[in-house]
Amino acid sequence: MMTALLVMIGLALLLGIVLGYSALKFKVEGDPLVDKIDAILPQTQCGQCGFPGCKPYATAIAHGEADINQCPPGGEPGMRALADLLGVEPKPLNAECGTPKPKSVAVIVENLCIGCTLCIQACPVDAILGAAKQMHTVIASECTGCELCLPPCPVDCISMVPIPEKVDNWKWRYPVIEIKSLAV
Amino acid sequence: MLESYILILLGTVFVNNIVLVKILGLCPFMGVSKKLEASIGMGAATTFVLTIGSGSSYLINQYLLGPDLFYLRTLSFIVVIAGIVQFTEIVVEKTSPVLYQLLGIYLPLITTNCAVLGIPLLNVQGNHNFMQSLLFGFGGSVGFSLVLVLFASMRERMEAADVPGPFKGSAIAMVTAGLMSLAFMGFAGLIR
Amino acid sequence: MNQAPYISASPSVTSIMLRVLLALVPGIAAYVWVYGSGVLVSLALASITALGSEAILLHFRQRPLMPFLMDGSALLTAWLLALALPPLAPWWLVVVGTLFAIVIAKQLYGGLGYNPFNPAMVGYAVLLISFPAIMTQWPVPLALAHAQLGFLDQLHFIFTQALPGGVTLDAISSATPLDYLKTQLKLQHSVGDILHAPVFGALGGRGFEVVAGAYLLGGLYLLQQRIISWHIPTAFLLTLAVLAAGSHLADPAQHAGAAFHLFSGASMLCAFFIATDPVSGPTTPRGKLLFATGVALLTWLIRSYGGYPDGVAFAVLLMNICVPLIDAATQPRVFGHE
Amino acid sequence: MSLFKFHGGVHPPEHKLKSTAAPIRSVTMPLRLVLPLRQHVGNVAKLMVAVGDHVLKGQLLAAPDGMISAAVHAPTSGTIAAIEERLIPHASGLPDLCITLNADGEDRWGDHQPLDYQAQEKSAVLDALRLAGVVGLGGATFPSHVKLRADDAHPVLTLIINGAECEPYITCDDLLMRERALEIVRGIEIMQYLLGAKHAIIGIEDNKPEAAAAMRLACSQNSISITVATVPTLYPGGGAKQLIKVLTGLEVPSGKLPTTIGVQCFNVATAYTVHRFIDHGEPVISRVVTVTGRVAQPGNYEVPLGMEIFDLVQAAGGTADDSNGLVMGGPMMGFNLPSGHVPVVKGTNCIIASAPALFAPQPPAMPCIRCARCAEVCPVNLQPQELYWFARADNFEKARSYDLFDCIECGCCSYVCPSRIPLVQYYRYAKSEILASDKARQAANVARERNELRLARIAREKEERAAKHAERAVGARAEAGGDAKQAAIAAAMARAEAQKAEIVPQNVTDLSPLVATEIKAIDARRGKVDDRD
């Protein structure tokens with residue numbers, strides 16, 4: 001009995017030492033996964049996921065505190081990319097966080113704008129130009145469509161305008177395979 | 001001598017493939033075969049654990065336990081394997097965070113992979129010497145890795161197949177594993 | 001409305017499959033000549049089962065029936081399986097094998113174009129493992145048989161396993177040449193002695209070598225029609241011949257020669273009809289060579305050292321497993337790439 | 001000279017004789033011309049005129065915007081009637097900005113002079129070409145002045161002139177070479193001078209012996225050495241990269257320009273327009289278009305740009321009764337026009353009046369049986385069946401790694417597919433999805449950067465303000481007597497605190513320390529922002 005105990009204790013001790021040493025030797029600094037996740041997120045910084053930006057959401061996913069389906073701007077493809085990266089099953093988007101919308105940009109109705117600068121402070125990417133008491137305007141190419149400027153506006157002069165399909169952003173459609181629609 | 005070693009190796013890889021013939025280690029076989037990359041990592045990790053585990057189990061069984069403490073066999077094997085798995089996990093996390101994430105729960109679960117415990121126990125049963133044990137462990141894990149990687153490559157291709165709804169995912173993977181096992185039966189009798 | 005390219009020049013899937021079926025006809029004719037017309041019953045049984053089960057599954061899967069039934073792929077699977085089975089196999093064997101091939105190996109994976117395994121060979125391997133005795137019980141070629149069975153007798157036998165009065169099972173059936181060779185080798189006989197037995201002809205099994213020759217003929221037609229590329233048949237036959245000839249040279253007592261291997265068992269059928277199945281095979285030229293070499297190597301290994309008399313089915317299935325990796329590893333150099 | 005081979009290729013029926021019987025015919029100047037500002041690859045041209053302006057023939061209507069862009073000119077004299085979005089001949093069927101020009105019937109030329117190109121700096125000549133609207137007329141419409149700019153890092157040794165015209169039905173280059181060989185050779189001479197190329201090779205497929213003979217004759221009358229090479233007829237032998245391979249044995253490296261291997265390639269029609277501009281001062285205002293298929297008088301027509309395609313087809317005798325649509329380009333790579341009421345543009349090389357008898361309706365696609373016929377004919381040696389497999393499943397990364405972007409969309413794979421799968425459509429779909437997602441990724445990177453800059457700026461401002469506050473506080477203490485004000489501020493701050501406390505943050509339970517610190521840091525930055533006001 002005594003030998004058995006000793007043997008097991010010895011084994012455990014030995015393994016403990018090896019593991020302890022390797023844990024020190026191979027210590028992981030920082031979290032490279034966060035950046036990988038952040039690279040997939042659309043960087044709208046819209047906060048629809050419930051986190052105050054894309055990076056915090058990425059951090060939360062990396063630590064298993066948030067699900068991969070909370071990003072409506074990233075939509076289905078974004079969720080799939082995350083599922084792929086993390087090796088988990090894809091799941092439908094969480095409707096509580098919002099639903100994917102066609103990509104839009106904010107447009108300020110300029111004759112209504114009172115120049116309060118509230119939207120400028122709300123914009124996470126500094127895409128709104130203007131000064132106090134001056135009319136503001138949105139730099140369309142920089143706007144991420146996060147809608148964060150909508151609530152602060154006291155006169156509701158900002159609207160989201162979907163980006164129309166033009167010759168230069170037009171995409172080829174998925175070919176329709178007719179065989180499935182062919183009745184017997 | 002060399003010939004017998006080669007036969008042990010070939011025998012464990014193909015004829016007595018641990019997954020498809022002995023039907024051991026199915027949990028990671030089904031779990032980590034969705035992506036080729038992950039399956040290669042899993043194969044490498046398992047090969048490492050199994051080879052070292054098989055060798056050290058032999059040493060423990062032979063020199064530490066002996067015939068008196070045979071009842072500690074399973075227990076001590078599990079302890080040793082768990083230690084090696086832990087070590088592998090630490091190394092993988094350091095060297096490849098993405099692989100670490102991809103392997104997920106299956107990495108620590110190598111501990112409970114029945115193949116990993118099965119091989120040391122089969123070693124004892126077969127009265128293998130140290131070299132044979134090492135080769136048996138290595139061959140077994142190479143066989144495991146081989147079919148895992150082949151299976152993963154097949155599953156990646158099947159991803160785009162028009163599989164009927166109820167059979168999508170794990171169900172068709174099971175069917176495929178079965179058919180692979182069927183194919184591996186062709187090796188029967190090649191080497192005892 | 002159409003989209004570019006507006007023009008097309010290629011035989012349809014159906015016409016490709018029909019031409020493959022046509023290429024099997026000489027083989028079937030030789031079969032009938034050697035073994036009697038019982039094989040036609042097997043072919044009919046397999047065809048009906050294949051089309052019927054395919055139709056039912058397509059119906060369940062809510063896919064259009066006609067284009068998929070007409071494509072001829074189910075029929076081809078059925079014929080290949082029926083030709084691989086013993087000619088007087090009981091009806092239920094044919095039905096079970098075909099069902100397995102069509103339902104499990106083909107339709108579960110999504111039907112035409114999606115099956116990773118060769119359906120006919122899956123059906124064959126399942127039967128071989130489940131019913132080894134029946135699967136190795138081949139009729140004696142008519143020329144050698146002590147008793148002749150007419151078509152009706154054969155039909156009767158297929159459905160009831162009953163023989164006409166005065167005829168014993170041994171009188172009409174024997175082991176296949178490959179099987180016979182294997183058992184005799186185990187009994188410490190040398191190849192030279194064994195090949196003197198009456199079941200062996202000039203090249204392979206007596207009678208059967210004619211069937212194999214007819215398959216070769218059909219295969220050449222497929223090559224001429226460019227339905228199959230030269231890679232797989234050439235690599236398969238060449239590898240098998242080299243392995244057999246080499247081992248025969250090294251140890252003539254233990255190994256049969258190249259001609260025997262090429263004209264026995266399913267070698268010819270495999271070279272032109274089974275291994276060339278595009279769906280479950282590789283697509284790159286180098287991949288095809290690799291695949292066929294692997295099939296030949298495994299076939300020879302299983303025949304020479306394994307537990308089964310013929311290894312074609314297992315060899316094809318084993319190489320089917322490797323196809324995705326083979327394809328990935330043999331991608332040709334793309335224009336403008338190093 | 002020795003020729004080389006490229007992988008694959010197909011031999012579709014040519015149908016070229018139909019439109020080569022008659023010489024190039026001219027059409028009457030239409031009353032109204034529609035000129036899209038986007039007739040080329042690159043940036044949309046900048047408008048230089050306004051509605052109501054009267055313009056002369058050859059006058060600049062829109063100037064190139066940036067390097068990769070091309071000008072648009074008035075094909076005749078008249079008045080600008082409108083500048084608006086109109087339907088253009090584009091596969092998308094979407095409208096784009098166009099200038100509508102009402103012809104005044106005088107067809108009066110504006111000021112135009114030949115250019116003594118040897119007396120000027122090459123860069124000045126190229127700038128002039130840029131303003132002349134010269135683009136590749138083979139169909140790609142890439143601005144030619146960019147390709148003609150000699151690059152010291154990659155000197156061009158061989159100038160290749162593409163007269164292969166491999167697509168069925170199209171014969172506009174054939175006829176141009178037969179009838180205007182001297183002019184083309186003159187254009188080649190100018191191009192060769194600009195590029196500093198050692199020699200020039202004209203590649204012509206061997207199904208155009210008349211054109212090859214005409215070009216040989218023209219070359220023999222010219223002082224510079226130009227080789228006329230007949231190449232075997234094999235589609236897509238007229239693809240620039242394929243022709244370069246056939247003529248020189250060199251492969252243009254993937255994703256690189258032909259200049260990296262010392263080659264530059266132009267279409268014969270482009271050479272012709274270069275000659276027209278340099279020797280006559282005429283910008284690109286017309287082109288030769290093949291009108292064929294189910295029309296009464298198939299043939300080649302010299303058409304002013306902007307002419308409605310419907311009018312052009314009428315000029316060719318109108319369509320037959322069974323015609324069911326118009327295709328721009330050839331049967332292998334063309335596309336359906338959204339309507340006949342779209343203008344002829346610089347890229348319009350061929351109009352085919354299609355009919356079911358001509359182009360049989362495509363049967364439903366069957367699943368891919370992996371027969372690899374497509375791989376056998378792919379001129380780029382891709383594995384079309386694998387690309388299809390990935391594109392079908394939206395597995396874009398995999399498709400990209402199988403070199404999807406090397407696909408030239410020639411249609412050979414679809415042409416031989418026994419399952420009649422519209423393979424090219426899948427590749428186009430996958431390509432445009434990948435490009436869109438790349439664009440989105442770039443935008444996301446910019447947004448991330450801007451967001452980080454903003455957060456940094458806010459932090460910096462907060463610090464500065466804190467420093468200022470500290471300074472002021474020191475001063476205030478010295479002054480004293482500001483109690484009432486201090487109290488008011490304190491009260492306001494308390495109110496703000498209370499308000500803030502009411503806001504309950506979401507998802508903050510069970511956070512890991514890392515996330516918690518992250519959020520805290522952001523809250524801190526926010527606090528700074530709030531403090532500012």
Side-chain angles (χ1 to χ4, degrees), chain C residues 1-17 19-20 63-64 66-68 70-73 76 106 109-116 226-229 231-232 276-288 323-324 327-328 330-338, chain D residues 6-7 10-13 168 241-242 245 251-256 324-325 327 329-336 352 354 358-364 366-373 375-376 379-383 385-386 402-403 406 409-412 414-420 422 424-425:
Chain C
M1 194 62 196
N2 291 4
Q3 276 180 312
Y6 298 92
I7 48 178
S8 165
S10 171
S12 66
V13 174
T14 308
S15 100
I16 288 179
M17 295 290 177
R19 273 186 256 179
V20 179
R63 295 287 184 279
M66 278 341 269
F68 285 114
M70 293 306 289
D71 67 28
S73 61
L76 182 59
K106 187 176 175 198
Y109 285 95
L112 177 69
Y114 298 116
N115 48 300
R226 304 174 65 91
I227 302 284
I228 56 174
S229 71
H231 302 86
I232 288 180
T276 52
D277 170 34
V279 177
S280 57
T283 51
T284 62
R286 278 193 299 145
K288 284 175 179 168
V323 162
D327 270 344
T330 56
Q331 287 296 311
R333 185 187 69 90
V334 174
F335 186 97
H337 285 254
E338 278 305 315
Chain D
F6 61 89
H7 181 267
V10 292
H11 290 282
K241 290 181 173 182
Q242 278 65 37
K245 166 93 192 203
E251 285 185 9
V252 180
S254 169
K256 298 265 172 56
N324 60 352
V327 170
M332 296 297 286
M333 292 184 75
F335 59 90
N336 297 312
I352 305 174
S354 64
L358 220 55
F359 303 149
Q362 276 156 356
M366 294 286 284
C368 169
I369 55 165
R370 301 174 55 77
C371 64
R373 277 161 191 259
E376 279 167 29
V380 194
N381 211 0
L382 293 166
Q383 295 291 303
Q385 78 282 1
E386 304 282 358
Y402 274 68
D403 302 310
D406 283 295
E409 301 175 17
C410 63
C412 287
S414 311
Y415 179 71
V416 298
C417 180
S419 293
R420 305 283 195 269
V424 179
Q425 314 307 323

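So you know, we letter chains A, B, ... as the sequences are listed, proteins then strands, and number each from 1.
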Give the member of C:T284, C:T14, C:N115, C:D277 that has the highest number of heavy-atom pairs under 4.5 Å with chain D.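 The residue among C:T284, C:T14, C:N115, C:D277 with the greatest pair count is C:T284.
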Got [X] and [Y] here, is their nearest side-chain heavy-atom distance under 4.5 Å?
X      : Y      : result
D:Y402 : C:Q331 : yes
D:R373 : C:P11  : yes
D:P379 : C:F335 : no
D:Q383 : C:P332 : yes

So, for [X] and [Y], which heavy atoms are closest and what is the spacing to 0.1 Å?
X      : Y      : answer
C:P5   : D:G411 : CG-O, 3.4 Å
D:I369 : C:P278 : O-CB, 3.3 Å
D:V380 : C:V334 : O-CG1, 3.4 Å
C:G336 : D:E251 : N-OE1, 2.8 Å

Report which part of C:I228 has an atom under 4.5 Å of a heavy atom belonging to chain D: side chain, backbone, both, or neither. neither
Using heavy-atom distances under 4.5 Å, tell me whether C:I16 contacts chain D through its side chain, its backbone, both, or neither.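 Looking at C:I16, just its side chain touches chain D.
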Winner by heavy-atom pair count (cut-off under 4.5 Å) against chain C, out of D:G334, D:P13, D:S419: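 The answer is D:G334.
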Among D:G255, D:P331, D:G329, residue most engaged with chain C (heavy-atom pairs, under 4.5 Å):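 Greatest number of close heavy-atom pairs with chain C: D:P331.
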Side chain, backbone, both or neither: which part of [X] has a heavy atom under 4.5 Å from chain C?
X      : result
D:A375 : neither
D:K256 : neither
D:M333 : backbone
D:E386 : side chain

Taking only residues two or more places apart in sequence, or in another chain, which ones meet C:D71 in a salt bridge (Lys or Arg N to Asp or Glu O under 4.0 Å)? none
About how many Å separate OG1 of C:T283 and CD of D:E376, when rounded to the nearest 0.5 Å? 10.5 Å
OH on D:Y415 to OH on C:Y6, rounded to 0.5 Å: 16.0 Å
Can you tell me which residue among D:C371, D:C417, D:P418, D:S414 is in a side-chain contact (heavy atoms from CB on, under 4.5 Å) with C:S10?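 Option passing the side-chain contact (heavy atoms from CB on, under 4.5 Å) with C:S10: D:P418.
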Sub-3.5 Å donor-acceptor pair from the side chain of C:Q3 to the main-chain atoms of D:N336, do we have one?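 Such a contact is absent between C:Q3 side chain and D:N336 backbone.
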Okay, side chain of D:N381, backbone of C:R333: is any donor-acceptor separation there less than 3.5 Å?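 Flag set: sc D:N381 to bb C:R333 pair under 3.5 Å.
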Among all residues two or more places apart in sequence or in another chain, which pass the side-chain hydrogen bond (donor to acceptor under 3.5 Å, both in side chains) test with D:R370? C:D327
